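Side chains included, hydrogens not; waters and symmetry mates left out as well; all remaining heavy atoms used. What you see is a predicted model; the values in this text were computed from it and never measured.
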Amino acid sequence: QVHLVESGGGLVQSGGSLRLSCAASGTIFSRLAMNWYRQAPGKQREWVARVSTEGSTNYAGSVKGRFTISRDNAKNTMSMQMNNLKPEDTAVYYCNADGGPTDHYWGQGTQVTVSS
């Protein structure tokens, strides 16, 4: 079974930066595409960013140019650098591992709060 643990969340002022990390265990990390999702208070969970097994990336339009997702296969981790944070970025951020249609796993989430 795959286990995912997020870290790096916290409270920052608008315009500040945070770096989220996700550590994976229980699988061969290099076989998994990795995603970040987030869920703001009162809203549905939304996809934020993806990094493929080869390292290619995709982003939701709301975070393009501000967030950067990456992976380190040697350390079984993936990270997301978040710059120029806005209050609307406030959410619980979830790590997701994607090994195929029947192979998805989730972390417990880490809180990001951006004050104005």
Side-chain angles (χ1 to χ4, degrees):
Q1 183 64 275
V2 176
H3 293 85
L4 305 173
V5 179
E6 302 97 333
S7 62
L11 173 64
V12 298
Q13 293 183 336
S14 180
S17 298
L18 286 172
R19 185 176 181 88
L20 304 183
S21 295
C22 175
S25 62
T27 189
I28 300 177
F29 181 72
S30 61
R31 295 180 178 175
L32 301 170
M34 302 296 295
N35 298 272
W36 286 102
Y37 287 75
R38 67 187 182 187
Q39 187 167 21
K43 297 183 178 180
Q44 295 183 340
R45 189 172 299 185
E46 65 174 339
W47 172 80
V48 176
R50 178 182 179 91
V51 58
S52 74
T53 55
E54 297 85 12
S56 61
T57 60
N58 289 281
Y59 300 91
S62 59
V63 307
K64 286 182 179 178
R66 299 189 297 121
F67 292 8
T68 303
I69 190 172
S70 61
R71 67 189 300 147
D72 187 341
N73 287 343
K75 297 182 178 180
N76 285 4
T77 60
M78 69 102 165
S79 299
M80 186 166 67
Q81 178 68 38
M82 305 186 296
N83 296 327
N84 192 25
L85 284 161
K86 305 175 180 180
E88 52 262 44
D89 295 318
T90 295
V92 177
Y93 283 72
Y94 295 92
C95 178
N96 166 266
D98 179 6
T102 62
D103 193 18
H104 287 260
Y105 306 94
W106 295 91
Q108 81 290 341
T110 185
Q111 177 70 50
V112 172
T113 303
V114 185
S115 65
S116 60

Practice task
Go through the steps for V12 and T113 under the test side chain to side chain contact (heavy atoms under 4.5 Å, CB included), then give the verdict.
Solution key: CA-CA 6 Å; V12 298; T113 303; over 6 Å; no
Handout entry: Minimum-distance pair of heavy atoms, taken over all atoms of W47 and A60
Key = CZ3-N, 3.4 Å
Handout entry: Any side-chain heavy-atom pair of L18 and F67 under 4.5 Å
Key = no
Practice task
Give, for atom CG of N84 and atom OG of S14, the distance between the pair rounded to the nearest 0.5 Å.
Solution key: 7.0 Å
Exercise for the section: Find out whether V112 and L20 are in side-chain contact, i.e. whether some heavy atom of one side chain is under 4.5 Å from a heavy atom of the other. Expected result: yes
Handout entry: Reported CG-to-CZ distance for the pair D72 and F29, which is rounded to 0.5 angstrom
Key = 8.0 Å
Handout entry: Under 3.5 Å donor-acceptor, R31 side chain and T53 backbone
Key = no
Fill in the blank from the handout: residues 74-86 vs salt bridge (Lys or Arg N to Asp or Glu O under 4.0 Å), sequence neighbours excluded, gives none
Exercise for the section: Mind jotting down which residue pairs meet the disulfide bond (SG atoms under 2.5 Å apart) criterion with at least one end in residues 6-105? Sequence neighbours excluded, please. Expected result: C22-C95
Practice task
State yes or no: are the ring centers of W106 and Y37 separated by less than 6.0 Å?
Solution key: yes
Fill in the blank from the handout: In short, salt bridge (Lys or Arg N to Asp or Glu O under 4.0 Å) pairs touching residues 4-14 with sequence neighbours left out are none
Exercise for the section: Would you indicate whether the side-chain heavy atoms of E88 and V114 approach each other to under 4.5 Å? Expected result: no
Problem - salt bridge (Lys or Arg N to Asp or Glu O under 4.0 Å) partners of residues 56-67, not counting sequence neighbours, each pair once - result: R66-D89
Problem - L11 atom CG, neighbour heavy-atom count above 12 within 6.0 Å - result: yes
Problem - Close side-chain approach of R71 to T77, heavy-atom, < 4.5 Å - result: no
Exercise for the section: Indicate the atoms forming the closest heavy-atom contact of A97 with L32, along with that distance. Expected result: CB-CD1, 3.8 Å
Completion exercise
Separation between CG (N73) and CE (M34), nearest 0.5 Å, reads 10.0 Å
Practice task
Would you please name every residue forming a side chain to side chain contact (heavy atoms under 4.5 Å, CB included) with S17, sequence neighbours left out?
Solution key: Q81, N83
Exercise for the section: Begin from the C-alpha positions of M80 and V51 and carry the test side chain to side chain contact (heavy atoms under 4.5 Å, CB included) through to its verdict. Expected result: CA-CA 10 Å; M80 186 166 67; V51 58; over 6 Å; no
Practice task
Quick one: closest heavy-atom pair of R19 and S79, and the distance?
Solution key: NH2-CB, 3.6 Å
Problem - Same apolar cluster: V92 and L4, side chain cutoff 4.5 Å - result: no
Fill in the blank from the handout: Tightest non-hydrogen contact, residues Y59 and T68, listed as OH-CA, 3.3 Å
Practice task
Report yes or no: do E54 and S52 form a side-chain donor-acceptor pair below 3.5 Å?
Solution key: yes
Practice task
Give, for atom CH2 of W36 and atom CD of E46, the distance between the pair rounded to the nearest 0.5 Å.
Solution key: 14.5 Å
Handout entry: Residue pairs fulfilling side chain to side chain donor-acceptor pair (under 3.5 Å) with at least one residue in residues 91-102, sequence neighbours excluded
Key = N35-N96, R38-Y93, R50-D98, D98-H104
